[in-house]
Asker: 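Sending over a structure as structure tokens; questions will come in a sec.
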Amino acid sequence: GRYVRQGEPLLTIYSPELVSTQEEYLLALRARRDLLKSPFPEVAGSGSSLAESAKRRLKLWDITDDQIRALEESGQPRKTVTLYSPFSGFVLEKMAYKGMNVMPGMALFKLADLSVVWLYADIYEYELPFIRLGQQATIQLSYIQGETFTGRAIYIYPSLDPQTRTAKVRFEFPNPHGKLKPEMYANVEIKVHLGQKLVVPEGAIIDTGIRQMTVIDKGSGYFEPREVKVGSKVDSYYEIINGLKVGERVV
């Protein structure tokens with residue numbers, strides 16, 4: 001939960017390989033000084049390339065240039081190396097403890113820069129045609145009443161969840177004040193302009209499983225069943241693509 005700034009020390013670590021790498025670098029520096037005295041350019045150049053190679057190995061340990069300069073000035077390898085935070089952010093998890101043994105690939109700290117956060121929204125299958133990258137969305141949190149946050153869609157996942165029949169869409173939200181926190185739940189609203197469409201109330205459509213029907217009120221107690229082709233469902237209305245005209249009365 002603590003906020004750390006970029007360059008702040010996180011932990012010190014001891015490794016025999018690290019000590020030997022420092023010793024190799026110091027030996028390479030001494031060899032470079034000796035080889036620079038050689039009258040042959042090839043010999044003098046080999047000392048420099050050897051020292052650069054040893055320096056690159058040190059940098060693979062995330063050793064900073066300042067630490068390498070301190071090593072060059074002291075001429076003595078350090079038994080431990082300090083690892084610094086690569087960026088400013090919050091500590092979400094801390095797995096490193098004093099005296100523990102660590103192995104390659106182990107996560108020691110989990111840091112997150114929460115000034116921008118991702119939100120994963122579940123979008124129903126029939127709503128997917130309306131979602132576009134870059135589209136704006138607003139969210140509301142039940143525990144922050146009366147406040148909305150605005151973000152944009154940055155990735156639409158290519159597959160659906162077979163149980164819920166929804167696809168995940170990743171949205172990016174600026175979070176300068178830290179009000180949006182990892183693992184929160186939110187309601188997402190995306191407004192899509194669909195233009196003018198012919199629609200009927202949801203209750204006017206009878207879905208037989210094979211086709212969609214509606215009943216036309218012809219007046220004077222006469223009714224006519226008619227097959228229609230429906231499009232998108234928006235709120236409590238169905239778009240009519242074919243089968244009805246503007247002004248016809250439906251039951």
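Residues take their numbers from the sequence shown, with the count starting at 1. Worth saying up front: this structure is predicted, and the values here are computed from it rather than measured.
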Asker: Does atom CG (D65) have a neighbourhood of more than 12 heavy atoms from anything else shown, all under 6.0 Å?
Answerer: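 Enclosed: over 12 neighbouring heavy atoms sit under 6.0 Å from CG of D65.
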
Asker: Rounded to the nearest 0.5 Å, what's the gap from CD1 on I190 to CZ on R152? Could you check?
Answerer: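 Interatomic distance, I190 CD1 to R152 CZ, rounded to 0.5 Å: 14.0 Å.
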
Asker: Go through it in stages, so that I can follow the logic: the residues are Q212 and I206, the test is side-chain contact (heavy atoms from CB on, under 4.5 Å), and I'd like the CA-CA distance, side-chain angles, deciding distance and then a yes or no.
Answerer: CA-CA 6 Å; Q212 288 83 35; I206 304 167; over 6 Å; no

Asker: Write out all pairs satisfying side chain to side chain donor-acceptor pair (under 3.5 Å) with one or both partners inside residues 95-119, taking only residues at least two apart or from two chains.
Answerer: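 Listed once each, the pairs are E93-K110, D113-S115.
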
Asker: Report yes or no: do V188 and I144 belong to one cluster of Ile/Leu/Val/Met/Phe/Trp/Tyr joined by side chain heavy-atom distances under 4.5 Å?
Answerer: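 Per the 4.5 Å side-chain linkage, V188 and I144 are co-clustered.
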
Asker: Quick one: does V250's side chain get under 4.5 Å of I216's, heavy atoms only?
Answerer: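 Answer yes - side chains close enough.
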
Asker: Can you pull the ring pair (Phe, Tyr, Trp, His ring centres under 6.0 Å) pairs that have at least one residue in residues 122-173, sequence neighbours excluded?
Answerer: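 Every ring pair (Phe, Tyr, Trp, His ring centres under 6.0 Å) pair that includes a residue of residues 122-173, provided the two are not neighbours, is Y155-Y157.
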
Asker: Is it possible for you to say whether M103 and M100 belong to one hydrophobic cluster, with membership spreading through side-chain heavy-atom contacts below 4.5 Å?
Answerer: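 Yes, M103 and M100 fall within the same hydrophobic cluster.
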
Asker: Would a distance-only check, ignoring hydrogens and angles, find a side-chain to backbone donor-acceptor pair under 3.5 Å from S220 to Y222?
Answerer: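 Absent.
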
Asker: Using only atom types and a distance under 3.5 Å, with no angle test, would you say the side chain of S232 pairs donor to acceptor with the backbone of E239?
Answerer: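 Side chain of S232 to backbone of E239: no pair is present.
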
Asker: What residues, two or more places apart in sequence or in another chain, satisfy side chain to side chain contact (heavy atoms under 4.5 Å, CB included) together with E72?
Answerer: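 Scan of E72 (side chain to side chain contact (heavy atoms under 4.5 Å, CB included), adjacent residues dropped) gives Y25, L29, I68, R69.
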
Asker: Contact between V200 and V230 at the side-chain level, heavy atoms closer than 4.5 Å - yes or no?
Answerer: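 Counting from C-beta outward, V200 and V230 never come under 4.5 Å.
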
Asker: Where do Q22 and L58 land on the side-chain contact (heavy atoms from CB on, under 4.5 Å) test, with the steps shown first?
Answerer: CA-CA 7 Å; Q22 293 179 83; L58 281 175; 3.9 Å; yes

Asker: Distance from F223 atom CZ to K218 atom NZ, nearest 0.5 Å?
Answerer: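 Going from CZ on F223 over to NZ on K218, the span is 12.0 Å.
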
Asker: Which heavy-atom pair separates L180 from P174 by the least distance, and what is that distance?
Answerer: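 Closest approach of L180 to P174: CD1-O, 4.3 Å.
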
Asker: Can you give me the closest heavy-atom contact between V91 and F109, atom names plus distance?
Answerer: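 The pair with the smallest heavy-atom distance is CG1-CD2, 4.0 Å.
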
Asker: Are L108 and L60 grouped together when hydrophobic residues (ILVMFWY) are joined by side-chain heavy atoms under 4.5 angstrom apart?
Answerer: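 No.
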
Asker: Could you walk me through whether E24 and R57 satisfy the side-chain contact (heavy atoms from CB on, under 4.5 Å) test, starting with their C-alpha distance in whole Å, then the side-chain angles of each, then the deciding distance to 0.1 Å, before giving a yes or no?
Answerer: CA-CA 10 Å; E24 287 174 10; R57 283 199 297 274; 3.0 Å; yes

Asker: State the CD-CG distance between E23 and L18, to the nearest 0.5 angstrom.
Answerer: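 Going from the CD atom of E23 to the CG atom of L18 covers 10.0 Å.
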
Asker: How would you list, by chain and number, every residue that makes a side chain to side chain contact (heavy atoms under 4.5 Å, CB included) with Y3, sequence neighbours excluded?
Answerer: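 Counting only residues at least two positions away or on another chain, Y3 forms a side chain to side chain contact (heavy atoms under 4.5 Å, CB included) with R5, S88, F90.
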
Asker: What residues form a side chain to side chain contact (heavy atoms under 4.5 Å, CB included) with R2, not counting sequence neighbours?
Answerer: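 R2: side chain to side chain contact (heavy atoms under 4.5 Å, CB included) contacts with V4, E8.
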
Asker: Which residue pairs pass the side chain to side chain donor-acceptor pair (under 3.5 Å) test with at least one member in residues 74-84, sequence neighbours excluded?
Answerer: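 As it turns out, there is no side chain to side chain donor-acceptor pair (under 3.5 Å) pair with a partner in residues 74-84 once direct neighbours are skipped.
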
Asker: Looking only at heavy atoms, what is the nearest atom pair of T214 and A204, with distance?
Answerer: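 Closest approach of T214 to A204, heavy atoms only: OG1-O, 2.9 Å.
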
Asker: Any side-chain heavy-atom pair from I63 and L71 closer than 4.5 angstrom?
Answerer: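 Result no, sub-4.5 Å side-chain heavy-atom pair not found.
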
Asker: Roughly how far, to the nearest 0.5 Å, is CG of L160 from OG1 of T166?
Answerer: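 Interatomic distance, T166 OG1 to L160 CG, rounded to 0.5 Å: 6.5 Å.
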
Asker: Quick one, Q135 and V192 - any side-chain contact, counting heavy atoms below 4.5 Å?
Answerer: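 They are in side-chain contact.
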
Asker: Give a yes or no on whether the backbone of Q163 and the side-chain of D161 come within a donor-acceptor separation of less than 3.5 Å.
Answerer: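 Yes; judged by distance alone, with no hydrogens or angles, the pair exists.
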
Asker: Say whether V246 and V215 are linked into one hydrophobic cluster, either directly or through other cluster members, by side-chain heavy-atom distances under 4.5 angstrom.
Answerer: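 Unlinked, V246 and V215 end up in two clusters.
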
Asker: Looking at Q136, I want to see if its CD is surrounded by more than 12 non-hydrogen atoms of other residues, nucleotides or ligands under 6.0 Å.
Answerer: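 Open.
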
Asker: Tell me, do L114 and P182 make a side-chain contact under 4.5 Å, heavy atoms counted?
Answerer: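 L114 reaches P182 side chain to side chain.
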
Asker: Please answer whether the main-chain N or O of K229 pairs with a side-chain N or O of N242 as donor and acceptor at a distance below 3.5 Å.
Answerer: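 No: the side chain of N242 does not pair with the backbone of K229.
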
Asker: Distance-only, no hydrogens or angles: does the D217 side chain make a donor-acceptor pair with backbone N or O of R249 under 3.5 Å?
Answerer: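 No; zero donor-acceptor contacts below 3.5 Å.
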
Asker: As an exercise, state the distance from CZ of F87 to CD of Q6, rounded to the nearest 0.5 Å.
Answerer: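 CD of Q6 is found 9.0 Å from CZ of F87.
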
Asker: Ignoring hydrogens, what is the shortest heavy-atom contact between A153 and V169? Give both atom names and the distance.
Answerer: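 Heavy atoms of A153 and V169 come nearest at CB-CG1, 4.1 Å.
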
Asker: Taking the side chain as C-beta and beyond, is there a heavy-atom pair between I205 and I240 under 4.5 Å?
Answerer: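 Result yes, sub-4.5 Å side-chain heavy-atom pair found.
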
Asker: Are M213 and L198 co-members of a hydrophobic cluster defined by side-chain heavy atoms under 4.5 Å apart?
Answerer: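 No, no single cluster joins them.
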
Asker: Should the heavy atoms of other residues, nucleotides or ligands under 6.0 Å from CG of D235 be counted, would the total exceed 12?
Answerer: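 It does not: D235 CG has 12 such atoms or fewer within range.
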
Asker: State the CG-CG distance between N175 and L119, to the nearest 0.5 angstrom.
Answerer: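 These two atoms lie 11.0 Å from each other.
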
Asker: Just do the side-chain contact (heavy atoms from CB on, under 4.5 Å) check on I156 and I123 with the steps written out, would you?
Answerer: CA-CA 10 Å; I156 301 171; I123 305 295; over 6 Å; no

Asker: Does a side-chain heavy-atom distance below 4.5 Å link V81 with S15?
Answerer: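 Counting from C-beta outward, V81 and S15 never come under 4.5 Å.
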
Asker: Given side chains that start at C-beta, do those of V234 and L194 come closer than 4.5 Å, heavy atoms only?
Answerer: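 In short, these two side chains touch, coming nearer than 4.5 Å.
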
